[in-house]
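Below: one structure, written as structure tokens.
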Number of protein chains: 2
Amino acid sequence: MPVTSPTTFRTTYAEIAAKAGVSRATVSRVLNGDDRVNSDRAKAVIEAASKLGYRTNRAARALSTGRTGQIAVVIDDSPNVLSDPFWGVVLAGISRVLMVHDIHSVLMVSQLESEDSPIANYLEGGDVDGAIFLTVHKEQVVHSLVKKGLPVVVIGTPIDLKSDIVYVDTDNRLGAELATKHLLGSGCKKVATITGDISAVAGIDRLEGYKAAHKSLGHEFNPDLVAYGDWSFENAKTLTLRLLARNPDIDGIFAANDTMALGVMAAIIERGRMVPDHVAVVGFDDNLMAQTHRPGLTTIRQDIVGLGAAAAESMLAILQGETPVPKILPTELVLRESA
Amino acid sequence: MPVTSPTTFRTTYAEIAAKAGVSRATVSRVLNGDDRVNSDRAKAVIEAASKLGYRTNRAARALSTGRTGQIAVVIDDSPNVLSDPFWGVVLAGISRVLMVHDIHSVLMVSQLESEDSPIANYLEGGDVDGAIFLTVHKEQVVHSLVKKGLPVVVIGTPIDLKSDIVYVDTDNRLGAELATKHLLGSGCKKVATITGDISAVAGIDRLEGYKAAHKSLGHEFNPDLVAYGDWSFENAKTLTLRLLARNPDIDGIFAANDTMALGVMAAIIERGRMVPDHVAVVGFDDNLMAQTHRPGLTTIRQDIVGLGAAAAESMLAILQGETPVPKILPTELVLRESA
DNA sequence: AGTTGGCGTGAAACCGATTTCGTTATTTAA
DNA sequence: TTAAATAACGAAATCGGTTTCACGCCAACT
């Protein structure tokens, strides 16, 4: 039933074939770079195709080859995680790399509740050639997809490492160590940390880095200086107030992300103390806020676009039949005023 | 050529038909809600389908019907605009609405240079049923797509209004008026503004709102208090310094977005003055930074998710053959400390 | 001279869902 | 009771590429 008119008239192989005086099979061969076609004919086909403004019909190709040229980019979370610029940038990195390879990114934002939630179901359905997960809450679902043969790349280290999920991540541990060492190395005697959500590997690793820095610099690790946060501003602020009340002599705080670092600073100011004079602060991410806040936030920069790009490249590798190894991207300390 | 193994085995109409003892045609009718099928048979089909875990093959359907069930979401800009959380949220709003209608969002981030850039070309190609533009730099390209029959919705008011492009936007003019009135109404005598990029309609409208507020409250409009910005932090900061040097008695500034408002505040502080005691500041957007900055930024909140949702709904309407009218979403003043 | 082996090519089958068209079976109208 | 209309359904064509298969041809071997 013709609900709407066709948006455009497409030219088909049949027309090209007619114009170039060859068969559709030959058109296909030429247009797919099969070089065992007589070069004169090939030239004729190419010319006819360009004259007619040929555009390949992806649906037809997908039906025929079983490959869609589309990758799902899945955010296993509520839509508002996209309010964190981090994911937008990752997305851009993915999209850019895939687009170069003529692969489209299909965005799906929704909780992956169970193994037969609509999205999981859809992903198995074969309408995409693979899936890149930006955030994963139900790791079990991802495993089951992998087991079913779907090419999968996840961003962020999986909890269950023995599984053979392909992933890319930032070197959270080393980054956190860098941050903490900077604080300890610039004269701080008592450095606390506000962790991220430690049910996520990123949260754990950044805490591990904090501990490692203490160990490597000969400082004793004091559990009382660790406050367990959840990546959010408000929570970090509350925790910091509590921390400062209990340990008034804290003179440095490593917050596991920038948003929390801002919360930390807000708390410090509220207590009538100064950053960095009384308490130095280091964050993690180097997002826009770190740059625009006053005082500027000293933080750990991660290569966010690179993270997306790496994920996309791993996906491409899988699609080629390779089995890429996990990639861990380096970090870098960015000095501003807060520490 | 079997490059890789099929990700999954799909069940087809043929299998359902066999199991239910009907023809493929009948299966199609039942699964598409055609009610003139014997109800016993219909039941049998539905049961067979669910037992076999049937999942429709979108490529096959697209090839057959000419509709792909996919909408392109286009960002006509460099990938790093996605570092602005604004677009991420819009994206989420779009995606959510479309997903409910079983339509997928295909993300394309790339400059639309000319009418035959790869993306424009692709959009005409018929592999998507329509396109939603988040940012538009080459409006001409969009026009030409519309003319070619592609359903299009753009976010933000087009410059060339006489064209019949469907769009959705925030009420920038009224929002800016609200902001300026708040400053004027709470005792400020000399309120300046840093505009956005006034080659964009949002930039113009927010400036118009600023003027309208002056007029409606009986204040004279002073062109010397208008600094033409470009939405960016650094630029706003520079302009503010210049503004304050020239007019030391400025006691209020309306910045056309939050990022610039932070730049404005940074400049004010740098000049040794206080917010809001010496100079009150109001922004526009109510993004995360407005909330986390100290002092908290008084700003105009726009319904960003709603903007995306509205765009998606307009697109759905177009696909149904309707011709939706432009939607303008209301704004709201959010009071914090800066004014 | 008579195979054998490629090579270049086109005819036709195929992917899976949709839809037209025609055939039967069943009503309704005359 | 018969003709006409209607309903329910299946066979087959269709969408546009891709790929198998077989055929004709010429070069390279015994």
Side-chain angles (χ1 to χ4, degrees), chain A residues 1-45 48-49 52-69 102 125-127 129, chain B residues 1-45 48-49 52-69 102 125-127 129:
Chain A
M1 182 190 22
V3 178
T4 49
S5 59
T7 54
T8 323
F9 293 108
R10 338 169 108 286
T11 62
T12 69
Y13 275 12
E15 302 170 39
I16 298 176
K19 183 156 187 154
V22 301
S23 71
R24 284 155 52 215
T26 297
V27 174
S28 174
R29 287 192 263 259
V30 172
L31 264 34
N32 290 302
D34 187 328
D35 53 356
R36 17 172 225 182
V37 175
N38 175 295
S39 65
D40 285 342
R41 293 173 157 228
K43 210 180 300 170
V45 167
L52 294 169
Y54 176 73
R55 197 141 302 302
T56 129
N57 180 327
R58 294 190 144 224
R61 174 178 305 197
L63 181 56
S64 176
T65 61
R67 301 193 56 176
T68 59
D102 198 29
D127 293 328
D129 297 338
Chain B
M1 180 191 23
V3 178
T4 48
S5 59
T7 54
T8 323
F9 292 108
R10 337 170 109 283
T11 65
T12 70
Y13 276 11
E15 302 168 41
I16 298 176
K19 182 155 188 156
V22 299
S23 73
R24 282 153 54 213
T26 297
V27 174
S28 173
R29 286 193 263 260
V30 172
L31 264 33
N32 289 302
D34 187 328
D35 52 356
R36 20 174 221 181
V37 175
N38 176 294
S39 64
D40 285 343
R41 294 175 155 222
K43 211 179 299 170
V45 168
L52 294 170
Y54 176 73
R55 199 135 299 298
T56 132
N57 180 328
R58 295 189 144 226
R61 172 177 304 191
L63 181 57
S64 177
T65 62
R67 301 195 54 177
T68 59
D102 198 30
D127 292 329
D129 296 337

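Proteins get letters first, then strands, A, B, ... in listed order; numbering begins at 1 in each. The analysis underlying the following values was restricted to heavy atoms, covering all of them including side chains, and did not include hydrogens, waters or symmetry mates.
With rounding to whole Å, B:Arg67 atom CZ is found 11 Å from C:dT19 atom P. For A:Leu63 and C:dT18, the CG to C1' distance is 12 Å, given to the nearest whole Å. If you take OH of A:Tyr13 and P of C:dT9, they are 16 Å apart, rounded to a whole angstrom. Spacing between atom CG of A:Leu52 and atom C1' of D:dG16 amounts to 15 Å, rounded to whole angstrom units. Remark: P of C:dT9 and CZ of A:Arg36 are 11 Å apart, rounded to the nearest angstrom. Between the CG atom of B:Asp35 and the P atom of D:dA8 there is a distance of 9 Å, rounded to whole Å. Following rounding to the nearest Å, A:Asp34 (CG) and D:dT20 (C1') show an atom-to-atom distance of 13 Å. Taking atom CG on B:Asp127 and atom P on D:dG16, their separation rounds to 12 Å, with Å as the unit.
The side chain of B:Ser64 sits closest to C:dA17 out of D:dT18, C:dA11, C:dA17. Across C:dT18, C:dG10, D:dG16, the shortest atom-to-atom separation from the side chain of B:Arg61 is found for C:dT18.
Of the inter-residue distances, the one linking B:Asn32 atom CG with B:Thr65 atom OG1 reads 9.5 Å to the nearest 0.5 angstrom. Rounding to the nearest 0.5 angstrom, the gap separating the OG atom in B:Ser23 from the CZ atom in B:Arg29 is 6.0 Å.
The base of D:dG16 does not come close enough to the side chain of A:Thr12 for any donor and acceptor atom to sit less than 3.5 Å apart.
At the heavy-atom level, A:Ser28 lies under 4.0 Å from base atoms of the strands shown. As judged by a 4.0 angstrom heavy-atom cut-off over every strand, A:Val27 is placed among residues making no nucleic acid contact. A:Ser39 comes within contact range of no nucleotide atom at all, as no heavy-atom separation falls under 4.0 Å.
A sub-4.0 Å separation between OP1 or OP2 of C:dG8 and a side-chain N or O of A:Arg29 is absent. Residue A:Arg41 has a polar side-chain atom (N or O) positioned under 4.0 Å from OP1 or OP2 of C:dG10. Note on A:Thr26: a side-chain N or O is less than 4.0 Å away from OP1 or OP2 of C:dG10. Between A:Asn32 and the phosphate of D:dT18, there is a side-chain N or O to OP1/OP2 separation shorter than 4.0 Å. Proximity of A:Tyr54 to the phosphate of D:dG17: a side-chain N or O atom is located under 4.0 Å from OP1 or OP2. For C:dG10, neither phosphate oxygen OP1 nor OP2 lies less than 4.0 angstrom from any side-chain nitrogen or oxygen of A:Arg24.
Electrostatic pairing of A:Asp127 and B:Arg61 does not count as a salt bridge here, judged by no charged N lying under 4.0 Å from a carboxylate O.
Within the structure, ring-ring contact (aromatic ring centres under 6.0 Å, His included) pairs that include any residue of residues 10-43 of chain A comprise A:Tyr13-A:Tyr54 (at least two apart or interchain).
Against DNA chain C, the stretch residues 14-23 of chain A makes heavy-atom approaches under 4.0 Å through A:Val22, A:Ser23.
Of the residues near DNA chain D, B:Val37 and B:Ala60, the one whose nearest nucleotide (by heavy atom distance) lies more toward the 5' end is B:Val37.
For the pairing with A:Val30, the side-chain contact (heavy atoms from CB on, under 4.5 Å) check across A:Ile16, A:Val22, A:Val37 returns one residue only, A:Val37.
Side-chain atoms of A:Val27 and A:Lys19, non-hydrogen and from C-beta on, never get closer than 4.5 Å to each other.
No side-chain donor-acceptor contact under 3.5 Å links B:Arg55 to the backbone of B:Thr11. Of the possible polar contacts, one joining the A:Asn38 side chain to the A:Asp40 backbone as a donor-acceptor pair under 3.5 Å is found.
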